[in-house]
Asker: 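Can you read through this structure? Questions will come right after.
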Protein chains: 2
Amino acid sequence: MLAEHIEKIVAGTPGAIGAILMGFDGIAVVQHLAPGYEEVDIESLAMEFSFRITELRKAAQSLDMGDVNDITLRGTSRTLVCRVLSEDYFVAVVLAEPGHLGKGRWLLRSASSQLVEDL
Amino acid sequence: MLAEHIEKIVAGTPGAIGAILMGFDGIAVVQHLAPGYEEVDIESLAMEFSFRITELRKAAQSLDMGDVNDITLRGTSRTLVCRVLSEDYFVAVVLAEPGHLGKGRWLLRSASSQLVEDL
């Protein structure tokens, strides 16, 4: 079920390279890569940011921003959209074309509640 | 001139609490707060993230994401949109209503080149 949700996010997001569901401990639960991107090491990428997301969230809370559940890093070659699912898990979507960020983020948000249920 | 650009970003972004132009050393160049938000300590907020932005950018570069010039943290009570202007400076906009993120980001992006010229 989890794999299905992750696949749907990737398939439904134009420009998506892949998506991964990971714990904040850096352990991947499930991932899916778009055709042609099977070589991309999305696990290392998400792992690198898992700790940093936790740090950012702590800082944001101490600054009265509330719970930061949505973090976007738009790079010149790739964009990373992270959605926090719970205290323990997050989903990261990697995009090659930041132009389609809107839809990727929307899909990620609408899939979130389903993912939380299935975890 | 710089102050004018920052004011324009705040005035033109519905839900904007304020904007600040800051160096990555945490030293503020100019800031502007929307009416009713004069008490908000946007300087501390931006300072807290100035170092973290540098860290995130380094990580992103090592992961082949290219230059990350656009970072968004969407919190339950406030949203922070950061736009990197150069190796030394960035602009941060704080929003109370994340729903208007699109316009805030657009204004920030269109003002960026002008800000870089004026720095």
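The shown structure was predicted, so the numbers you read here are calculated from the model rather than taken from an experiment.
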Asker: Out of curiosity, does A/Val91 fall in the hydrophobic cluster containing A/Leu2 (side-chain heavy atoms, cut-off under 4.5 Å, transitive links)?
Answerer: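 Yes, because A/Leu2 and A/Val91 connect within a single hydrophobic cluster, where side-chain heavy atoms sit under 4.5 Å apart.
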Asker: Within this structure, what is the NZ-CD distance for the pair A/Lys58 and B/Glu48, rounded to the nearest 0.5 Å?
Answerer: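 Reported to 0.5 Å precision, the distance equals 12.0 Å.
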Asker: Please say yes or no: joined through hydrophobic side-chain contacts below 4.5 Å, possibly via intermediate residues, are B/Val10 and B/Phe49 part of one cluster?
Answerer: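 Cluster IDs for B/Val10 and B/Phe49 differ.
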Asker: Let's test your reading of the structure: which of A/Val94, A/Asp64, A/Val84 forms the most heavy-atom pairs below 4.5 Å with chain B?
Answerer: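 Of the candidates given, the most pairs with chain B belong to A/Asp64.
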Asker: Of all heavy-atom pairs between B/Leu73 and A/Met65, which one has the smallest distance, and what is that distance?
Answerer: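 Looking at all heavy atoms of both residues, the shortest contact is O-CE, 3.8 Å.
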Asker: Any link between A/Ile17 and A/Met22 through a network of hydrophobic side chains (Ile, Leu, Val, Met, Phe, Trp, Tyr) touching at under 4.5 Å?
Answerer: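 A/Ile17 clusters together with A/Met22.
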Asker: Do any of residues 25-42 of chain A come closer than 4.5 Å to chain B, heavy atom to heavy atom, and if so which ones, in number order?
Answerer: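 Listed by number, there are no contacting residues, so the answer is none.
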Asker: Quick one: pull up CG in B/Leu80 and CG in A/Leu63 and give me the separation to the nearest 0.5 Å.
Answerer: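 The distance works out to 9.0 Å.
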Asker: Can you tell me how far OG of B/Ser77 sits from CD of A/Gln61, rounded to the nearest 0.5 angstrom?
Answerer: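 So the gap between those two atoms works out to 9.5 Å.
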Asker: Is A/Leu119 reachable from A/Ile6 through a run of I, L, V, M, F, W or Y residues, each pair having side-chain heavy atoms under 4.5 Å apart?
Answerer: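 In one cluster: yes.
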Asker: From A/Asp70 CG over to B/Thr76 OG1, what is the distance, rounded to the nearest 0.5 angstrom?
Answerer: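 These two atoms lie 11.5 Å from each other.
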